[in-house]
Colleague: 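Okay, here's the structure, questions in a sec.
The figures here come from the full heavy-atom set of this structure, side chains too, leaving out hydrogens, waters and symmetry mates. Just so it is clear, the model here is predicted, and its values are computed rather than measured.
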Amino acid sequence: MKKIILAMVLCITGFVALRAQKPASPSAFFPLNVGTYWVYKGTVRWDDPESEKPGSADVTWKMTVDRVIRKQGIVAAVVTGFPADLDWSAGTTEPKPWLFIEDEKHRVFFENLGPEFDLSKLNGDDHVFDKFMVDDNLFFQWPVSEGAKFCDEQAKKREDGNYCWNVAETTKKKLQGVSGAPPDEQFIFRMEYSTLPDDQKIELVQGVGVLGYHYHHHGTVADTELQLVEFHPAPESTDVQGHNP
């Protein structure tokens with residue numbers, strides 16, 4: 001009898017040990033907790049109609065997580081001040097609300113909500129975000145591999161790679177010069193989206209977010225160059241769960 005009990009204890013102990021060794025499920029890519037913010041510095045360039053010469057301005061830009069909603073299988077966040085707000089500006093534009101969504105398959109979607117969007121519309125049921133989780137808003141799905149592309153099926157057939165988010169490069173290095181960033185080497189990948197008139201390049205780091213943002217128009221001068229200089233993650237306890245009053 002004692003041998004049977006001992007065998008059972010050993011089996012249970014082994015099972016627990018295996019469970020303990022099993023890698024934990026990966027967390028969300030972006031640190032989407034209310035109060036998290038990023039500070040960027042860089043330059044904006046534009047065509048100045050008065051001087052008829054290109055103008056430029058050094059800018060400091062802040063992006064903030066203002067609201068987080070967790071529903072079955074997704075986490076959604078309203079983020080104010082995504083760097084693309086500075087495109088086609090003289091560096092003095094107002095930050096606008098963007099919606100970021102990550103689902104349980106680690107697909108990441110984002111969309112510019114615009115200043116007139118009624119945020120109370122996000123207080124719906126578990127399917128309120130379905131209309132935002134479409135191919136046109138798909139940014140990437142991680143883990144990523146160099147050469148992967150994210151877009152609708154028609155755009156994927158293009159030989160030039162335009163109108164898709166492409167994983168253009170993957171590297172690993174320390175985030176030197178970024179206050180608040182992890183001290184060890186980080187996996188960095190660069191996403192590129194090109195069209196006939198313009199292109200975007202966005203450098204991403206899991207657990208940190210957008211490391212660099214670059215926009216370039218191919219005709220009229222309109223350029224945005226930003227690099228992350230400060231990262232301020234907020235504790236998870238500040239998240240807003242479910243509906244927001």
Side-chain angles (χ1 to χ4, degrees), residues 29-68 77-100 108-117 119 137 139-140 165-166 168-169 171 173-182 186 188-195 197-234:
F29 188 92
F30 289 101
L32 298 179
N33 301 315
V34 173
T36 293
Y37 71 94
W38 302 258
V39 178
Y40 299 87
K41 288 190 175 181
T43 305
V44 174
R45 301 179 185 86
W46 67 93
D47 264 341
D48 189 337
E50 295 183 1
S51 65
E52 297 183 350
K53 296 180 180 179
S56 66
D58 295 332
V59 295
T60 299
W61 188 254
K62 183 178 180 181
M63 178 170 68
T64 307
V65 178
D66 293 328
R67 180 180 172 194
V68 175
V78 177
V79 176
T80 301
F82 186 67
D85 286 342
L86 286 167
D87 298 347
W88 291 93
S89 80
T92 56
T93 188
E94 289 295 321
K96 301 174 181 62
W98 292 67
L99 183 66
F100 278 76
V108 176
F109 304 82
F110 74 141
E111 182 175 347
N112 183 354
L113 295 176
E116 305 300 324
F117 184 81
L119 294 178
N137 294 337
F139 192 11
F140 63 93
W165 281 106
N166 296 273
E169 183 183 36
T171 58
K173 63 182 180 180
K174 291 185 177 180
L175 306 184
Q176 296 178 342
V178 181
S179 175
Q186 300 294 311
I188 302 169
F189 63 93
R190 187 178 78 243
M191 303 295 297
E192 294 187 357
Y193 188 94
S194 297
T195 69
D198 57 16
D199 60 76
Q200 288 175 294
K201 298 179 177 65
I202 302 178
E203 298 161 343
L204 299 168
V205 179
Q206 182 187 349
V208 175
V210 176
L211 180 64
Y213 177 84
H214 314 270
Y215 172 83
H216 172 64
H217 187 256
H218 302 157
T220 303
V221 176
D223 296 322
T224 304
E225 302 283 339
L226 291 178
Q227 288 296 136
L228 181 66
V229 295
E230 296 180 26
F231 172 51
H232 299 268

Colleague: Could you check whether any side-chain N or O of N166 sits under 3.5 Å from a backbone N or O of A168, counting only pairs where one atom can act as donor and the other as acceptor?
Modeller: no
Colleague: Would you say the side chain of L113 lies within less than 4.5 Å of the side chain of W98, judging by non-hydrogen atoms?
Modeller: no
Colleague: Would E169 and R190 pass as an ion pair if we require N to O under 4.0 Å?
Modeller: yes
Colleague: Here's a test for you: under ring pair (Phe, Tyr, Trp, His ring centres under 6.0 Å), which of Y193, W165, F189 qualifies with F140?
Modeller: F189
Colleague: Please check if any side-chain donor atom of D85 sits under 3.5 Å from a side-chain acceptor atom of T93, or the reverse.
Modeller: no
Colleague: Would you check if the side chain of D47 reaches a backbone N or O of V221 as a donor-acceptor pair within less than 3.5 Å?
Modeller: yes
Colleague: Looking at F100, F110, W38, which hits ring pair (Phe, Tyr, Trp, His ring centres under 6.0 Å) with F30?
Modeller: F100
Colleague: For residues T43 and V59, determine if any side-chain heavy atom of one lies less than 4.5 Å from a side-chain heavy atom of the other.
Modeller: no
Colleague: How about L119 and V78: do any of their side-chain heavy atoms sit closer than 4.5 Å?
Modeller: yes
Colleague: Return yes if a side-chain donor-acceptor contact under 3.5 Å exists between T36 and N33, otherwise no.
Modeller: no
Colleague: Sub-3.5 Å donor-acceptor pair from the side chain of K96 to the main-chain atoms of E94, do we have one?
Modeller: yes
Colleague: Distance-only, no hydrogens or angles: does the T64 side chain make a donor-acceptor pair with backbone N or O of D66 under 3.5 Å?
Modeller: no
Colleague: Looking at side-chain heavy atoms only, is the closest gap between D48 and K53 below 4.5 Å?
Modeller: no
Colleague: Any chance you could measure L204, atom CG, to L211, atom CG, to the nearest 0.5 Å?
Modeller: 8.5 Å
Colleague: Checking the side chain of Y40 only, and the main-chain atoms of Y213 only, is there a donor and an acceptor separated by less than 3.5 Å?
Modeller: no
Colleague: Do R45 and P54 have side-chain heavy atoms sitting under 4.5 Å apart?
Modeller: no
Colleague: Under a 3.5 Å threshold, yes or no: a donor from one side chain and an acceptor from the other, between H218 and D199?
Modeller: yes
Colleague: Taking the side chain as every heavy atom from C-beta outward, state whether L99 and N137 have any pair of such atoms under 4.5 Å apart.
Modeller: no
Colleague: Would you say that Y37 contacts V39 through its side chain, given a criterion of any heavy-atom pair below 4.5 Å between the two side chains?
Modeller: yes
